[in-house]
Every structure is written in structure tokens, then in C-alpha cells.
Amino acid sequence: MSKPVEKQEWFRVAEAFEASGLTPKAFSSQRGVRLSTLQSWVYRRRRQHGSQAEVVRLLPVEVATRPTATESMLEVVTASGARVRFEEGTDVDYVARLVAALGR
């Protein structure tokens, strides 16, 4: 890729980076731009446009000791590899919200 030279073009590159899901290093390598330059323009864009990240909503979590072998436990593994273990009979809506929040 030819190197962007105008401010708006750099903002578009920063926007593309944020939408890509790639690490800064992988994105800059893929686009042929310097990592430090990408980071600088991402910072500038966020300052000018504000970080439009989703508002983080925390969910209540109860920490418990390990279950005994006689208790029935279920486990959900998210795409990112996070594991959520819960007792049979746990509120399904709560588990779904927790898994959705972990997947972000």
C-alpha cells in the first residue's frame, strides 16, 4: 500500500485498524505502515472523535469454592477460550449475559 499522506486518509486507516480486530503490529505489517505511525494516528483519531467503545456493563459474579464431585456442573467455553462453570439450575439468562459480556 502506498503510505497515506493526508489527515483524513490517516483517520480512515486508523478507523480500518479499529474495525479489523487485528493487533496494531499485524495491521501495520499488513498495510505496510510503521507501527508507531499507526499508533499515533489511532490516538489522534480517538482524541478527536472520542473512543466510541461500548459502555462496559459489569455483571455481578459470585465466587464460590470448587464443587464437590456429587454436584452437577455445566461449563461454557467462549470463542476466546474463557470458561464459565456453573451449577445445574443456574439462571440461564444470567449465564447468557455473562458469556455475551466475556465474548466482547
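One-based numbering along the sequence shown.
Taking every heavy atom of both residues into account, Pro24 and Leu38 meet most closely at O-CD2, 3.6 Å. Minimum heavy-atom separation, Ala14 to Arg45: CB-CD, 3.7 Å. The shortest heavy-atom contact between Gln30 and Leu22 is OE1-CD1, 3.5 Å.
Shown here are the side-chain hydrogen bond (donor to acceptor under 3.5 Å, both in side chains) partners of Arg12, two or more places apart in sequence or in another chain: there are none.
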> Does the pair Val42 and Glu18 meet the rule for a side chain to side chain contact (heavy atoms under 4.5 Å, CB included), with working shown?
Replying inline: CA-CA 8 Å; Val42 168; Glu18 291 187 323; 3.7 Å; yes
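A distance of 7.5 Å separates CE in Met73 from CZ in Arg85, rounded to the nearest 0.5 Å. Note that CG of Leu102 and CZ of Arg97 are 12.5 Å apart. Values are rounded to the nearest 0.5 Å. One finds the OG atom of Ser20 at 11.5 Å from the CD atom of Glu15 (value rounded to the nearest 0.5 Å).
In this structure, Lys7 and Glu9 have side chains that are not in contact, with every pair of non-hydrogen atoms separated by 4.5 Å or more. No side-chain heavy atom of Asp91 sits less than 4.5 Å from a side-chain heavy atom of Phe86. Within the 4.5 Å cutoff, the side chain of Phe11 has heavy atoms near those of the Arg44 side chain.
For OH of Tyr94, the number of neighbouring non-hydrogen atoms (other residues, nucleotides, ligands) closer than 6.0 Å is greater than 12.
Both Leu98 and Leu74 are members of a single hydrophobic cluster when ILVMFWY side chains are connected at heavy-atom separations under 4.5 Å. Linking Ile, Leu, Val, Met, Phe, Trp and Tyr whenever their side-chain heavy atoms come within less than 4.5 Å puts Val76 and Val61 in one cluster.
Between Trp10 and Trp41, the angle of the ring planes stays under 30°, which puts this pair in the parallel group of the 30/60° scheme.
Remark: the backbone N or O of Ala26 is not paired with any side-chain donor or acceptor of Ser29 at under 3.5 angstrom.
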